[in-house]
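Here is the structure we will look at, set down as structure tokens.
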Amino acid sequence: LKRLGFSYDWTKEVTTYEPEYYRWNQWMFTKMYEKGLAYKKFASVNWCDTCNTVLANEQAENGICWRCESPVLQKKLEQWFFKITAYADDLLKGHDELTGNWPEQVLTMQKNWIGRSTGLTVNFKLESGADFPIYTTRPDTIYGVTFMVIAPEHPFLDSVKDPKVKAFIEKIKTQSTIERTSEDKEKEGIDTGIKITNPFTGEKVPLFIGNFVLMDYGTGAIMAVPAHDTRDFAFAKKYSIPIKLVIDNPHTPIDVKTMTEAYVDEGVCVNSGPFNGISNKDAIEKISDFCEEKKYGKREVNYRIRDWLISRQRYWGCPIPMIYCDTCGMLPVPEKNLPVVLPTQVDFKGDSRSPLIHMDEFLKCTCPKCGTPARRETDTMDTFVDSSWYYSKFTSPGSKEIFDTNAINYWMPVDQYIGGIEHAVLHLLYARFFSMVMFDMGLLKSKEPFNRLLTQGMVIKDGSKMRKSKGNTVDPDGIIEKYGADTVRLFMLFASPPQKDLDWSDKGVEGSFRFIMRVWRFIHKHKNVYIKNFKLDGMQLSDTLQNLRIELHRTIKIVTRDIEERAQYNTAIARMMELTNTLYQADEKELATTEGHQVLSEVFSTFIPMLAPFVPHFAEELWETLGNTVSLTTAEWPSFIEELTKRDEIELVFQVNGKIREKIQVPADISKEDMEKMAMSSDRIQDFIAGKQIKKVIAIPGKLVNIVVV
RNA sequence: GCCGAAGUGGUGGAAUUGGCAGACGCAGCGGACUCAAAAUCCGCCGGGGGUAACUCCGUGAGGGUUCAAGUCCCUCCUUCGGCACCA
């Protein structure tokens, strides 16, 4: 990083493994515990056997551990969670603010991950008269229910006696996540013999256990409408369950007997009691109203996102600051006793458990309430907790409180954040959640942590992402040795826009080196003409010099926009290469005049600062060569004169029927009428329109004239 | 299956709101300089036809809108990414 000349402010460095940093993790945790945003629950969780720890949903990618790529199992364990679901709506609403400044792709991924759906929770009835609640987003199909399905893990099934049913439940429970969600997942189920009553129709339908119903979404049980749901249809066919049509295709009526797949499109309600004849779209609202009036159930919002499981059975991490007392129960460590320091003198026993469990000096403590012996929580926090708020700690790394108020209000939110797309539903979601929690605690003045986000592409080498663990990295030292650090910087920025993936190749690195050397030679050749306080006001310039000035100001404008607004550095560099080409093509005799010296002085005093962010060492050296004594790092970014970004003459294009037939040079301020006249009087245009009828003439000022003939 | 992004010369990639497709590089070809080479400077560089002026075609494929489409709309193909029994 140092050889490449990156400008980090190391006085703001923070280190997440230092107790002085992670004490604030613990402080945040206790605050969140007080607010009910951190809680412990016994739940089925993702477990990685290789890492010997649980994982968050976001970290169990397709049933594979994100760190070691081994299959994830489900285990029932008591674990700590952050209640990110309480912020699901805020996280979604915040997207409005981010639209345009965050890549659409990231917003979409987060939106899908949060997975908000609106529907109806309906209480079906057991024979005992007790409620059997289900969740549906398709109230319009409720008259078509022919069976019900419940998740194998559902506690409702604990009382089931039938040995065949019990055996089925055990079989499904032992399957791994991958087995249960594999590609050729066959829907499997068994009839419990229990009958459930549909409050809308009074019909009694069988209750099945199904491997495809998820315990932790909705109520863990569903109503099944085979006529209008693909999964229900397949299940009904397999177990010979009746199918009842309640939405008909208004164009070609459906015959239930000959149906080969569920009808999932829009249509008209049939067999639906009072709702017959209306469109199913209207029926969604009408049936929901009816349901609420009759007190069968109520409208509800559900989310796909799960609470963030943050406990880890890893030793290396920030200890969760909780104490267990036999008399007082579970208590957070009081603020004055923070941080709970992770012991670094540890003895790894070689078993799968955290060494903290064997360390009495860590484990044993006194209850902060009653003073009797108690023990500490031995789980540590997910490392993603550290990175969920570090950006705000950068504002005041040494502060006694979590943040220095003035500093945090000055710096936050982050103007420009940069990261990989792989963090779309991991770090970027967690960081937004934390930022919102900190906002609600009054720590931050903005809800969103990052105003603008740029997701840079991956660097690909030999077909896969360049990474240390793959061993396909390219060391820049070789190229630095040969061409210098600035060439490496320039080349990488010039190769492609930062958002795009880049297939690494050093082909073309010569071009960047050549450009730098071209600039070097030109400036050294003319360094003696440089006037510090040049004065171009009121000077009459020759066409060549005026043109050079215009090119300069256009370049400043474009480069400024490419950096500030577009983050497209390759085109900024291309533009500076063009300016260099113009300099080389300028008449040496004209450059040697007094006016020429003035113009060159303007060029040098703006071009070099423009180069500085790309090639800082090189620019600094040239700057000094010109006799400047103050470093470029404190120089102002060059400004441009808008008037000088406009050319006096422009090239006008004449088209006949959309095809270019002639190009001519005209004054830039030519009127629309004159443009048309010139086009009409052109000999070449006349050749093309002679004897034809002119239908239309389109003139776009400053651009072209198109004559439409038939 | 659903959602999203992308597809432009030999090659990396350009192209404000629809307005000259291929900027700027790399590779290649030619010229100048040199005893020669390197470096440098200058020029050419999508395809077909034509001696030439010029002309026709061309942004994954096929349609459409428009005076005008790489850009907008529809259908499809390919690649990459995300979600994936979410009821």
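All chains are named by letter (A, B, ...) in the order of the sequence lines, taking the proteins before the strands, and each is independently numbered beginning at 1. Remember, predicted model here, so these are calculated numbers, not experimental data.
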Where the side chain of [X] is concerned, which of [options] is the nearest nucleotide?
X: A/K663; options: B/A23, B/C20, B/C41; answer: B/C20
X: A/R561; options: B/C83, B/U55, B/U16; answer: B/U16
X: A/K703; options: B/G19, B/A23, B/U55; answer: B/G19
X: A/T108; options: B/C85, B/C67, B/G4; answer: B/G4
X: A/Q568; options: B/A15, B/C41, B/C56; answer: B/A15
X: A/K659; options: B/G81, B/C56, B/A14; answer: B/C56
X: A/N706; options: B/C83, B/A68, B/A14; answer: B/A68

Which is true for [X] with a 4.0 Å heavy-atom rule: it touches a base, it touches only sugar-phosphate, or it touches nothing?
X: A/E510; value: nothing
X: A/N581; value: sugar-phosphate
X: A/Q110; value: nothing
X: A/F688; value: sugar-phosphate
X: A/S505; value: nothing
X: A/P497; value: sugar-phosphate
X: A/R661; value: sugar-phosphate

A/K187 to A/F212, cation-pi by 6.0 Å centre distance and 45° axis angle: yes
Suppose we call a contact any N or O donor and acceptor under 3.5 Å apart; does that hold for the side chain of [X] and the base of [N]?
X: A/K507; N: B/C26; result: no
X: A/Q655; N: B/C67; result: no
X: A/N112; N: B/C83; result: no

Does B/A15 have OP1 or OP2 sitting under 4.0 Å from an N or O in the side chain of A/R566? yes
Taking the inter-plane angle between the rings of A/F235 and A/F208 on a 0 to 90° scale, is it parallel (under 30°), tilted (30 to 60°) or perpendicular (over 60°)? perpendicular
Which is more 5' along RNA chain B, the nucleotide nearest A/E104 or the one nearest A/Y303? Just name the residue. A/E104
